[in-house]
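Notes follow the structure.
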Amino acid sequence: MQDNSSPEDEAAPDSVPVPASLVPHLSQTAILLDIDGTLLDFAPTPREVWVPPGLPETLRGLLQRTSGALALVSGRSLNDIDLIFAPDQFPAVGGHGAEMRLTNDAEAVAAHAPPMDKELKLRLAAIAKLSPGILLEDKGYSLALHYRLAPHAEKAIYEAVSLIRADLPNAPIEVLPGKSVCEIKHSGFTKATGVKELMTHEPFKGRRPLFIGDDVTDETVFAIMPDMNGLAFSVGRRAQGVAGHFDEPRDVRAFLAHLLDDKAVSGK
């Protein structure tokens with residue numbers, strides 16, 4: 001794999017956790033998982049992501065072994081998450097912390113996140129007209145401009161967003177640069193605020209969080225893990241402050257499956 005690490009990355013650990021060291025403690029662990037680029041491989045468009053065979057079964061098994069303390073943590077809306085994993089539903093933090101579901105069969109709960117101003121959203125949505133291949137995704141609480149099919153448009157997209165922000169300096173918005181995506185959301189919530197809220201509720205309360213993520217938006221969660229006695233692992237890069245990293249989503253999937261398969265340490 002090509003190494004695109006920065007000098008800061010060189011100081012980051014490059015090991016991944018040994019499943020046997022975690023299995024005996026699943027009853028005290030909360031497993032928190034990003035989706036795109038972590039559990040699932042990227043696709044040309046957000047709608048084309050594919051859930052590999054075996055992954056839903058692994059997630060269901062971990063949900064049972066942790067007594068429900070497994071949650072997906074994503075920038076996607078809960079509705080979108082459910083469509084991807086249908087017919088399964090999992091506890092989740094969606095919309096970068098804007099909404100959450102505490103159990104797989106509970107109703108979604110808004111996390112006090114205000115929706116984006118309608119006029120502002122319309123202005124941002126018009127950026128998609130800059131070039132064919134820019135895909136607009138309205139997540140309700142945020143707006144995402146995907147340019148995986150139009151990589152040449154990256155600079156123009158961010159320049160257009162900057163102009164709108166300069167025109168509306170008091171708008172409470174935050175720009176999230178991602179992997180071939182520019183996402184704009186209300187500045188009052190993040191994945192970290194969502195995880196903090198999640199961890200105050202049963203069955204997550206009092207457990208040690210284990211978070212795996214890959215993107216810039218996951219760094220807010222990486223940063224709070226030490227305060228929660230948690231562990232964080234990055235995917236595809238050696239992010240600063242994590243306990244280790246995985247090369248690709250398939251390595252994450254294999255690790256999660258191994259947690260269930262390692263009978264020697266689980267006493268089975």
Side-chain angles (χ1 to χ4, degrees), residues 32-40 42-43 45-49 71-85 92-101 108-130 133-150 153-154 156-198 211 213-224:
L32 312 176
L33 305 165
D34 174 52
I35 298 175
D36 296 277
T38 297
L39 282 179
L40 305 182
F42 284 111
T45 70
R47 297 295 179 188
E48 294 179 79
V49 293
L72 305 178
V73 181
S74 177
R76 291 179 181 266
S77 67
L78 292 185
N79 183 64
D80 203 16
I81 293 171
D82 290 346
L83 289 175
I84 292 171
F85 288 95
V93 173
H96 295 289
E99 52 184 352
M100 71 177 61
R101 181 171 55 221
V109 177
H112 312 296
M116 184 178 291
D117 178 78
K118 182 179 179 181
E119 293 301 319
L120 174 60
K121 185 179 287 189
L122 288 173
R123 291 187 64 176
L124 292 168
I127 296 174
K129 298 177 182 178
L130 287 174
I134 300 176
L135 301 179
L136 177 67
E137 183 183 8
D138 185 353
K139 300 182 179 182
Y141 296 98
S142 67
L143 201 72
L145 295 157
H146 298 269
Y147 52 88
R148 190 173 297 274
L149 300 179
E154 177 179 7
I157 289 171
Y158 281 98
E159 287 178 347
V161 172
S162 295
L163 287 173
I164 293 174
R165 295 187 75 187
D167 192 35
L168 300 169
N170 296 321
I173 58 174
E174 179 182 2
V175 178
L176 302 176
K179 295 178 179 177
S180 298
V181 62
C182 173
E183 188 160 357
I184 307 96
K185 69 172 188 64
H186 197 282
S187 58
F189 56 94
T190 64
K191 285 186 177 181
T193 62
V195 166
K196 283 183 178 180
E197 175 69 19
L198 180 78
F211 176 71
D214 74 300
D215 212 343
V216 174
T217 60
D218 297 312
E219 291 179 356
T220 61
V221 186
F222 293 158
I224 65 171

* Asked: Considering residues at least two apart in sequence or located in another chain, which fulfil the ring-ring contact (aromatic ring centres under 6.0 Å, His included) criterion with Phe222?
  -> Phe211
* Asked: Is there a side-chain contact between Leu143 and Leu136, using heavy atoms and a 4.5 Å cut-off?
  -> yes
* Structure fact -> When every non-hydrogen atom of Ser142 is compared with those of Glu183, the smallest separation belongs to OG-OE2, 2.8 Å
* Run the side chain to side chain contact (heavy atoms under 4.5 Å, CB included) check on Val195 and Ile224 step by step: do they pass? -> CA-CA 9 Å; Val195 166; Ile224 65 171; 4.2 Å; yes
* Can a donor-acceptor pair be found between the side chains of Glu159 and Ser162 at a distance below 3.5 Å? -> no
* To do: Carefully, step by step, assess Met116 and His186 under the rule side chain to side chain contact (heavy atoms under 4.5 Å, CB included).
  => CA-CA 6 Å; Met116 184 178 291; His186 197 282; 5.9 Å; no
* **Leu130 to Ile134 - nearest heavy-atom pair and separation** => CB-CD1, 4.1 Å
* Does some side-chain heavy atom of Lys121 sit less than 4.5 Å from a side-chain heavy atom of Ile184? -> no
* **Between Glu137 and His146: side-chain donor-acceptor atoms closer than 3.5 Å** => yes
* To do: Report yes if some heavy atom in the side chain of Leu32 is under 4.5 Å from a heavy atom in the side chain of Val93; otherwise report no.
  => no
* Asked: Taking C-beta and beyond as the side chain, do Leu176 and Val216 meet within less than 4.5 Å on heavy atoms?
  -> no
* With sequence neighbours excluded, residues passing side-chain hydrogen bond (donor to acceptor under 3.5 Å, both in side chains) with Asn170 -> none
* Structure fact -> Scanning both residues in full, the closest heavy-atom pair of Pro46 with Leu135 reads CD-CD1, 4.4 Å
* Determine the minimum heavy-atom distance between Leu198 and Ala71, stating which atoms define it. => CD2-CB, 3.8 Å
* Asked: Are side-chain heavy atoms of Cys182 and Val161 found at a separation under 4.5 Å?
  -> yes
* Do NZ/NE/NH1/NH2 and the carboxylate oxygens of Asp167 and Arg123 come within less than 4.0 Å? -> yes
* Side-chain contact test, heavy atoms from C-beta onward, threshold under 4.5 Å: evaluate it for Lys185 versus Thr190 and give yes or no. => yes
* Taking side chain as C-beta onward, heavy atoms only, is Ile35 less than 4.5 Å from Ser74? -> yes
* Check the pair Tyr147, Ile157 against side chain to side chain contact (heavy atoms under 4.5 Å, CB included), reporting the backbone distance first and the verdict last. => CA-CA 9 Å; Tyr147 52 88; Ile157 289 171; 3.6 Å; yes
* Asked: So, for Val181 and Ala144, which heavy atoms are closest and what is the spacing to 0.1 Å?
  -> CG2-CB, 3.9 Å
* If you take all heavy atoms of Gly133 and Ala150, which pair is closest and at what distance? -> C-CB, 3.9 Å
* Please determine if Asp82 and Arg76 form a salt bridge, counting it only when a charged side-chain N lies under 4.0 Å from a carboxylate O. => no
* Are any side-chain N or O atoms of Glu99 and backbone N or O atoms of Leu78, one a donor and one an acceptor, separated by less than 3.5 Å? -> yes
* To do: Decide yes or no on side chain to side chain contact (heavy atoms under 4.5 Å, CB included) for Ile84 and Leu40, but give the supporting numbers first.
  => CA-CA 10 Å; Ile84 292 171; Leu40 305 182; 3.9 Å; yes
* Asked: Do you know which of Thr217, Asp214, Asp215 makes side chain to side chain donor-acceptor pair (under 3.5 Å) with Lys179?
  -> Asp214
* CZ on Arg148 to CD on Glu154, rounded to 0.5 Å -> 11.5 Å
* Asked: Hey, are the side chains of Leu72 and Phe85 touching, using non-hydrogen atoms and a 4.5 Å cut-off?
  -> yes
